[in-house]
Amino acid sequence: MSINPSDLIKSMLAASTGAAKGHAADLKNYLEARAKIIADGVIQIAADRLAGKINDDDVKFSFEQIKDSEATSLLAIDVTLKAAAQDAVNAALAVATEAINKAVGFALL
């Protein structure tokens with residue numbers, strides 16, 4: 001039995017995409033939560049400035065604090081993306097393993 005490269009690639013891409021999509025909901029939920037936190041902070045900063053509780057320098061400082069905090073949250077996003085990529089590669093390799101085993105007629109890999 002021969003392996004059709006086009007079919008193998010299509011199958012690997014389908015498996016990879018399916019595996020990576022599992023992380024999409026996690027990432028979406030995380031980003032929605034971060035957006036809410038940022039929005040709440042910005043709303044509070046604006047309200048405090050308008051009420052005269054803080055001055056322009058305080059606004060700048062507070063916003064920098066939000067930015068600094070969000071920079072550390074990039075690590076969580078990076079981990080999620082790496083996990084999605086690893087799952088996608090593993091799924092593609094599983095399809096490739098199956099193709100080899102089927103082509104040789106027994107479970108070699």
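All residue numbers refer to positions in the sequence shown, counting from 1.
- Residue Tyr30 qualifies as enclosed at atom OH: its count of foreign heavy atoms under 6.0 Å is above 12.
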With salt bridge (Lys or Arg N to Asp or Glu O under 4.0 Å) as the test, would you mind laying out the steps for Glu70 and Lys67 before giving the verdict?
CA-CA 5 Å; Glu70 291 311 308; Lys67 287 171 39 179; over 6 Å; no
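- What you find for Ala96 and Leu8 is that their closest heavy atoms are CA-CD1, 4.3 Å.
- Judged purely by atom type and a 3.5 angstrom limit, Asn101 uses its side chain to pair as donor or acceptor with the backbone of Leu108.
- Of all the heavy atoms in Arg34 and Ser73, the pair that sits closest is NE-CB, 4.0 Å.
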Could you go step by step and tell me if Leu75 and Val79 meet the side-chain contact (heavy atoms from CB on, under 4.5 Å) rule?
CA-CA 6 Å; Leu75 295 174; Val79 168; 5.6 Å; no
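- Pairing each heavy atom of Thr80 with each of Leu27, the nearest pair is CG2-CB, 4.3 Å.
- Checked by atom type, the side-chain pair Asn90/Gln86 shows a donor-acceptor distance below 3.5 Å.
- Minimum interatomic distance between Asn55 and Asp57 (heavy atoms only, all atoms of both residues): OD1-N, 3.0 Å.
- Hydrophobic cluster membership differs between Ile43 and Ile38, with clusters built from Ile, Leu, Val, Met, Phe, Trp and Tyr side chains linked at under 4.5 angstrom.
- Closest heavy-atom contact between Phe63 and Ile45: N-CD1, 3.9 Å.
- Linking ILVMFWY residues whenever their side-chain heavy atoms come closer than 4.5 Å, directly or via other members, leaves Ile100 and Val95 in distinct clusters.
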Please report the C-alpha distance between Ile77 and Leu31 in whole Å, then the side-chain angles of each, then the deciding distance to 0.1 Å, and finally whether the side-chain contact (heavy atoms from CB on, under 4.5 Å) criterion is met.
CA-CA 9 Å; Ile77 294 169; Leu31 293 173; 3.6 Å; yes
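- Both Ile3 and Met12 are part of a single hydrophobic cluster, where members link through side-chain heavy atoms under 4.5 Å apart.
- Of the inter-residue distances, the one linking Lys10 atom NZ with Leu13 atom CG reads 10.0 Å to the nearest 0.5 angstrom.
- Here Lys82 contributes atom NZ and His23 contributes atom NE2; the two are 14.0 Å apart, rounded to the nearest 0.5 Å.
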Going through the distances and angles, do Asp40 and Lys36 end up as a salt bridge (Lys or Arg N to Asp or Glu O under 4.0 Å)?
CA-CA 6 Å; Asp40 289 346; Lys36 182 176 179 347; 3.0 Å; yes
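- No hydrogens or angles considered: nothing links the side chains of Gln65 and Ser62 as a donor-acceptor pair under 3.5 Å.
- Side-chain atoms of Asp48 never come within 3.5 Å of backbone atoms of Lys53 as a donor-acceptor pair (strictly under, hydrogens ignored).
- Considering only heavy atoms from C-beta on, Arg49 comes within 4.5 Å of Asp56 through its side chain.
- Checked for salt-bridge contact, Lys28 and Glu32 meet the test: a charged N lies under 4.0 Å from a carboxylate O.
- Residues Ala91 and Ala15 approach most closely at CB-O, 3.4 Å, considering heavy atoms.
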